[in-house]
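Heads up: the structure comes next, in structure tokens.
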Amino acid sequence: MSQQKTRQLGDSGIQVPLLTFGGNVFGWTVDEKTSFSLLDALVEKGLFFIDTADVYSRWVPGNEGGESETIIGKWLKKSGKRDSIVLATKVGMELSPEKTGLKPVYIRQAVEDSLRRLQTDVIDLYQAHRDDEDTPLVETLKAFDSLIKEGKVRAIGASNYNAKRLQEALDISKKEGLARYETLQPEYNLYDRQEYENGLEQVAVKNGLGVINYYSLASGFLSGKYKKPSDASKSKRGQGIVEKYLNDRGKRIIEALEDVAASHDVSATQVALAWQIARPSITAPIVSATSLEQIDELVKATELQLSKQEIEELASASKA
């Protein structure tokens, strides 16, 4: 990456590159050996912020969750590169009927399980994977605060909270003198803009939160590889992608991406990511790769500078 450009995650003091690598692919679409080579390449090329979750990849037949963390842990042990990465994971999605939510006793159990699988003493960013309205926010925040005081976690973040609940959590932390959520992990990309831009973004900016958005390529749609219904056969997720995104607005967005891409001689993927990186409230969009070639493409996305006019053209093409 050029000049190793980094940004700070909220007020955590943790510096991260302009893209976050999504670890949901480990133990799902890439095996252990490939995962190791991807992780080596990510560190070598300056994309050293790895985000995973305890629930990855429970959805794969035969898996029970924890597979991604386990692979990362084995790589950390083998490579000795723990100090070279910023490591984020999450808690709260259902692993089993009794392993779910954000009750303090469960957070305590889950963090120990994650630390064991990751083969590390500390998690740099520990995130609530989703809001748990059955548990008072103050209880969850006290549990997270104690993990920071014990040195097991450096900073905490929230994923999938709505604007009202996120602000409420931040207010409680301030009032009670507890560690606060330093980051937000929402869904956001050129197609899915509304929920983030109409509420969450204002909370993030007002409170100085780091934002690491997921589905930054709209499940691959923004790469431009799904342009007609028959393209659904290009991946396991293809049918759902085509059904959700391949409409007049989706086509308009792809056309605009490809126009800008052609003028820079880059890919639609790189432009879609550069557009997000250029948004002042976004810290580091989350994106995955399953090959070394794709990692090279991600690096190029962090180096791509879009003009003000190009940013506006893309925003206008994607208006709802």
Side-chain angles (χ1 to χ4, degrees), residues 5-23 47-54 83 85-93 102 104 107-108 110-111 114-115 118 120-132 135 137-188 196 199-214 216 276-277 279-286:
K5 194 168 187 320
T6 60
R7 292 171 174 173
Q8 184 166 272
L9 278 179
D11 284 333
S12 67
I14 299 169
Q15 296 288 328
V16 295
L18 306 187
L19 286 175
T20 310
F21 189 82
L47 293 178
F48 54 85
F49 184 23
I50 317 292
D51 176 74
T52 186
D54 56 6
D83 293 341
I85 66 163
V86 173
L87 184 56
T89 192
K90 310 184 217 44
V91 57
M93 289 286 189
L102 297 173
I107 289 175
R108 174 68 57 184
V111 78
S114 286
L115 288 166
L118 291 163
T120 186
D121 301 328
V122 62
I123 291 161
D124 297 307
L125 177 65
Y126 198 40
Q127 302 155 97
H129 205 158
R130 61 181 170 90
D131 191 5
D132 173 7
T135 303
L137 285 164
V138 69
E139 287 186 16
T140 295
L141 290 162
K142 278 180 177 168
F144 281 140
D145 184 75
S146 66
L147 295 180
I148 291 177
K149 289 196 169 97
E150 289 164 31
K152 293 181 176 180
V153 169
R154 286 176 68 196
I156 55 170
S159 181
N160 299 306
Y161 276 55
N162 64 38
K164 182 173 173 288
R165 288 279 289 179
L166 180 60
Q167 185 60 60
E168 210 178 307
L170 293 163
D171 292 343
I172 288 169
S173 290
K174 194 172 182 181
K175 180 169 165 265
E176 302 284 337
L178 300 167
R180 68 164 202 162
Y181 289 138
E182 291 294 350
T183 60
L184 166 66
Q185 189 172 139
E187 178 176 4
Y188 185 61
Y196 176 67
L200 279 167
E201 185 171 33
Q202 290 85 332
V203 175
V205 171
K206 180 178 139 194
N207 295 280
L209 304 187
V211 178
I212 51 174
N213 51 299
Y214 65 88
S216 56
Q276 291 166 64
I277 291 169
R279 192 170 188 90
S281 69
I282 298 289
T283 309
I286 299 172

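Between the side chain of Ser281 and the main chain of Glu201, no donor-acceptor pair closer than 3.5 Å is present. Using modelled atom types, no side-chain atom of Arg154 and backbone atom of Gly13 make a donor-acceptor pair closer than 3.5 Å. In terms of modelled atom types and a separation under 3.5 Å, the side chain of Asp145 and the main chain of Ala179 share a donor-acceptor contact. A donor-acceptor pair under 3.5 Å is absent between the side-chain atoms of Thr283 and the main chain of Gly210, judged by distance alone. A donor-acceptor distance shorter than 3.5 angstrom exists from the side chain of Lys90 to the backbone of Thr52, with no hydrogens or angles considered. A side-chain donor-acceptor contact under 3.5 Å links Gln202 to the backbone of Gly199. At least one donor-acceptor pair closer than 3.5 Å links the side chain of Arg180 to the backbone N or O of Asn207. With hydrogens and angles disregarded, a donor-acceptor distance shorter than 3.5 Å links the side chain of Gln276 to the backbone of Ser216. At distances below 3.5 Å, at least one donor-acceptor pair connects side-chain atoms of Asn160 with backbone N or O atoms of His129.
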Assess whether side chain to side chain contact (heavy atoms under 4.5 Å, CB included) is satisfied between Asn162 and Asp131, documenting all intermediate values. CA-CA 8 Å; Asn162 64 38; Asp131 191 5; 5.5 Å; no
Quick one: do Glu150 and Arg108 satisfy salt bridge (charged side-chain N to carboxylate O under 4.0 Å, His left out)? Show the steps, please. CA-CA 12 Å; Glu150 289 164 31; Arg108 174 68 57 184; 2.8 Å; yes
Evaluate side chain to side chain contact (heavy atoms under 4.5 Å, CB included) for Arg7 paired with Ile277, printing each intermediate quantity in order. CA-CA 11 Å; Arg7 292 171 174 173; Ile277 291 169; 3.6 Å; yes
Would Glu182 and Leu9 count as a side chain to side chain contact (heavy atoms under 4.5 Å, CB included) if you check the C-alpha gap in whole Å, the side-chain angles of each, and the deciding distance to 0.1 Å? CA-CA 7 Å; Glu182 291 294 350; Leu9 278 179; 5.7 Å; no
Derivation and outcome, side chain to side chain contact (heavy atoms under 4.5 Å, CB included), residues Leu87 and Leu125: CA-CA 6 Å; Leu87 184 56; Leu125 177 65; over 6 Å; no
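Between Val91 and Phe144, the closest side-chain pair of non-hydrogen atoms falls below 4.5 Å. Between Leu115 and Asp121, every side-chain heavy-atom pair lies at or beyond the 4.5 Å cut-off. Put simply, the side chain of Leu147 does not reach to within 4.5 Å of the side chain of Ile156, judged on heavy atoms. Looking only at side-chain heavy atoms (C-beta outward), Leu18 and Lys5 come within less than 4.5 Å of each other. You'll find the side chain of Leu137 reaches within 4.5 Å of the side chain of Tyr161, heavy atoms only. The side-chain heavy atoms of Tyr126 and Ile148, taken from C-beta on, include no pair separated by under 4.5 Å. Two residues are said to be in side-chain contact when any heavy atoms from C-beta on lie closer than 4.5 Å; Val138 and Glu176 meet this criterion. A heavy-atom distance below 4.5 Å is found between the side chains of Gln127 and Asp51.
Residue Thr120 holds its OG1 atom at 8.0 Å from CD1 of Ile85, rounded to the nearest 0.5 Å. Here CE of Met93 is found 10.0 Å from CG of Leu102. Values are rounded to the nearest 0.5 Å. Distance CG/Leu141 to NZ/Lys175: 12.0 Å, rounded to 0.5 Å. Here the straight-line distance linking atom CG of Leu166 with atom CG of Asp171 works out to 9.5 Å at 0.5 Å rounding.
Screening residues 12-21 for side-chain hydrogen bond (donor to acceptor under 3.5 Å, both in side chains) gives Thr6-Gln15 as the qualifying pairs, with residues at least two apart or on separate chains.
In this structure, the salt bridge (Lys or Arg N to Asp or Glu O under 4.0 Å) partners of Lys164, at least two apart in sequence or on a different chain, are Glu168.
In this structure, Tyr196 and Tyr188 have tilted ring planes: the angle between them lies in the 30° to 60° band.
Considering every non-hydrogen atom in both Ala163 and Val203, the closest pair reads O-CG2, 3.8 Å. Between Asp54 and Ser114, the closest heavy-atom pair is CB-OG, 4.0 Å. Residue Ile286 comes nearest to Phe21 through the heavy atom pair CG2-C, 4.4 Å, listed as atom of the first residue, atom of the second, then distance. The minimum heavy-atom distance between Tyr181 and Ala128, with the atom names listed, is OH-CB, 3.7 Å.
The 12-atom threshold is not exceeded at NZ of Lys142, counting heavy atoms of other residues, nucleotides or ligands nearer than 6.0 Å.
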